[in-house]
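Notes follow once the structure below has been shown.
Residue numbers start from 1 in every chain, and the chains themselves are labelled A, B, ... in the order their sequence lines are given, proteins ahead of strands. No experiment lies behind these values; they were computed from the predicted model shown.
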Number of protein chains: 2
Amino acid sequence: MFKVILRFGLIIAALLILFQLSKMSLFIPEMSQDLTIGLVGAAFIGLGVYLGLKFRKVEIIEVSPSIEIDHDRIQSLGLTEREMEVLHHIAEGCSNIEIGEKLFVSENTIKTHVSNLFVKLDVKRRTQAVTRAKELRIIQ
Amino acid sequence: MFKVILRFGLIIAALLILFQLSKMSLFIPEMSQDLTIGLVGAAFIGLGVYLGLKFRKVEIIEVSPSIEIDHDRIQSLGLTEREMEVLHHIAEGCSNIEIGEKLFVSENTIKTHVSNLFVKLDVKRRTQAVTRAKELRIIQ
DNA sequence: TGTAATTTCATACTAAAGTATGAGCCTTAA
DNA sequence: TTAAGGCTCATACTTTAGTATGAAATTACA
């Protein structure tokens with residue numbers, strides 16, 4: 001509210017100065033009318049731009065902020081490429097056997113990856129791993 | 001590009017008209033200088049507002065479109081209140097025992113709910129249930 | 001070329017998840 | 001006052017998941 005009052009005050013002050021200027025030009029005949037109009041125009045155009053920007057409706061466009069993957073965090077957690085692959089498949093809801101089939105390795109291998117993953121993410125279950133990974137923004 | 005040229009053309013035209021106006025006031029002395037300045041001011045303030053709005057940077061505020069829960073789908077799938085509660089806790093990464101503790105019922109009860117949930121969601125595993133539930137927009 | 005990190009796999013567990021079935025209790029509505 | 005639906009629980013079982021440990025093969029890199 002205070003800000004609004006301040007702004008209108010400034011606008012009124014600007015107007016007064018401009019009208020004062022217009023009277024001055026009466027006493028300074030060598031100041032051409034064109035110049036006066038130029039000055040007035042410049043001042044008002046500035047004022048107009050200011051008002052236009054200040055009191056415009058803020059345009060809110062709903063854009064789902066593309067959740068950026070935090071590669072630095074992946075690094076700092078020491079997650080390997082293979083572990084990230086496994087993590088993605090876990091997030092899709094795959095079983096260990098299914099992940100093994102997709103990556104052409106044994107279930108045991110997947111179990112190893114999963115266990116290492118849990119240690120690095122500090123979780124106990126795969127469902128936790130998914131929520132944690134999303135919190136940490138290392139998966140979508 | 002054409003639009004830009006058109007706009008600048010209009011601006012130039014407006015300027016010419018204003019200067020013409022200023023000259024007219026020389027031949028129409030009864031038209032006071034204050035009035036001239038007022039007209040010029042009004043014109044330029046309008047121009048300023050127009051320019052300010054047209055050539056502003058478009059402000060894009062990233063807002064995640066709140067994913068609306070599809071209550072109709074929950075209905076049509078026949079998911080009960082209790083099952084939804086369990087589903088939410090599954091999505092959080094809770095174990096059956098933990099969910100039981102939170103809802104003050106036994107692990108066996110949770111298992112029953114979970115099994116019924118899987119049938120209704122047509123999935124085999126809890127991780128799948130979570131992804132499916134998100135697809136169906138019945139949880140966040 | 002040697003070393004560290006990654007990936008792979010196995011075995012042998014334990015723990016948790018999931019299935020199937022039956023049943024008791026409560027509320028709500030016909 | 002039944003019947004239905006929802007919630008609870010149990011038992012018994014099968015299947016996955018997860019842990020611990022050790023080890024071989026591969027890759028990358030100094």
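- Rounding to whole angstrom units, CG of residue A:Asn96 and P of C:dA17 are separated by 14 Å.
- Within the 4.5 Å cutoff, the side chain of A:Leu117 has no heavy atoms near those of the A:His113 side chain.
- Atom pair B:Leu87:CG and C:dG18:P shows a separation of 12 Å (rounding to whole Å applied).
- The shortest distance between side-chain heavy atoms of B:Arg82 and B:Val105 falls below 4.5 Å.
- Rounded to whole angstrom, the span from the CG atom of B:Leu117 across to the P atom of D:dC7 amounts to 11 Å.
- Using a 4.5 Å heavy-atom threshold, the side chains of B:Leu79 and B:Asn116 count as separate.
- In this structure, B:Phe118 and B:Arg125 have side chains that are not in contact, with every pair of non-hydrogen atoms separated by 4.5 Å or more.
- The closest side-chain heavy-atom distance from A:Val86 to A:His89 is not below 4.5 Å.
- Ion pair A:Arg137/A:Glu68 not flagged as a salt bridge, since none of the NZ, NE, NH1 or NH2 atoms sits closer than 4.0 Å to an Asp/Glu carboxylate oxygen.
- In this entry the distance linking CZ of A:Phe104 with P of C:dC9 reads 12 Å, nearest Å.
- Overall bending of the helix from C:dT1-D:dA30 to C:dA30-D:dT1, expressed as the angle between end axes built from five pairs apiece, is 50° (10° steps).
- With respect to the salt-bridge test (charged N to carboxylate O, under 4.0 angstrom), the residues B:Glu135 and B:Arg73 do not qualify.
- Here the side chain of B:Arg126 is nearest to one of C:dT7, C:dG18, D:dC9, namely C:dG18.
- B:Thr109 has a side-chain polar atom (N or O) that falls below the 4.0 Å cut-off from OP1 or OP2 of D:dC9.
- The distance from atom CE of A:Met84 to atom P of C:dT7 is 12 Å, rounded to the nearest whole Å.
- Side-chain contact between A:Lys120 and A:Glu83 is present, with heavy atoms from C-beta onward closer than 4.5 Å.
- A salt bridge is defined here as a Lys NZ or Arg NE, NH1 or NH2 lying under 4.0 Å from an Asp or Glu carboxylate O, and A:Glu92 with B:Arg132 fails to meet this definition.
- Across D:dG18, D:dC7, C:dG18, the shortest atom-to-atom separation from the side chain of B:Arg125 is found for C:dG18.
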Would you check, one step at a time, whether the test side chain to side chain donor-acceptor pair (under 3.5 Å) holds for B:Thr112 with B:Thr109?
-> CA-CA 5 Å; B:Thr112 305; B:Thr109 304; 5.9 Å; no
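- Distances were taken from every side-chain heavy atom of B:Ser106 (C-beta onward) to each of C:dT7, D:dG18, D:dC9; the shortest belongs to D:dC9.
- Atoms CD1 (B:Ile97) and C1' (C:dT14) sit 13 Å apart, rounded to a whole Å.
- Note: CD (A:Glu107) to P (C:dT11) measures 13 Å, nearest angstrom.
- Checked against C:dA17, D:dA17, D:dT8, the side chain of A:Ser95 finds its nearest nucleotide in D:dA17.
- Rounded to whole Å, the distance from CD on A:Glu81 to C1' on C:dT6 is 10 Å.
- Here A:His113 reaches the OP1 or OP2 of C:dT8: one of its side-chain N or O atoms lies under 4.0 Å away.
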Write out a two-atom table: protein N or O, nucleotide N or O from nucleotides 19-23 of chain C, distance below 3.5 Å.
from: C:dT19; atom 1: OP2; to: B:Ser115; atom 2: OG; distance (Å): 3.2

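- Which of C:dT7, C:dC9, D:dT8 sits closest to the side chain of B:Val105 comes down to D:dT8.
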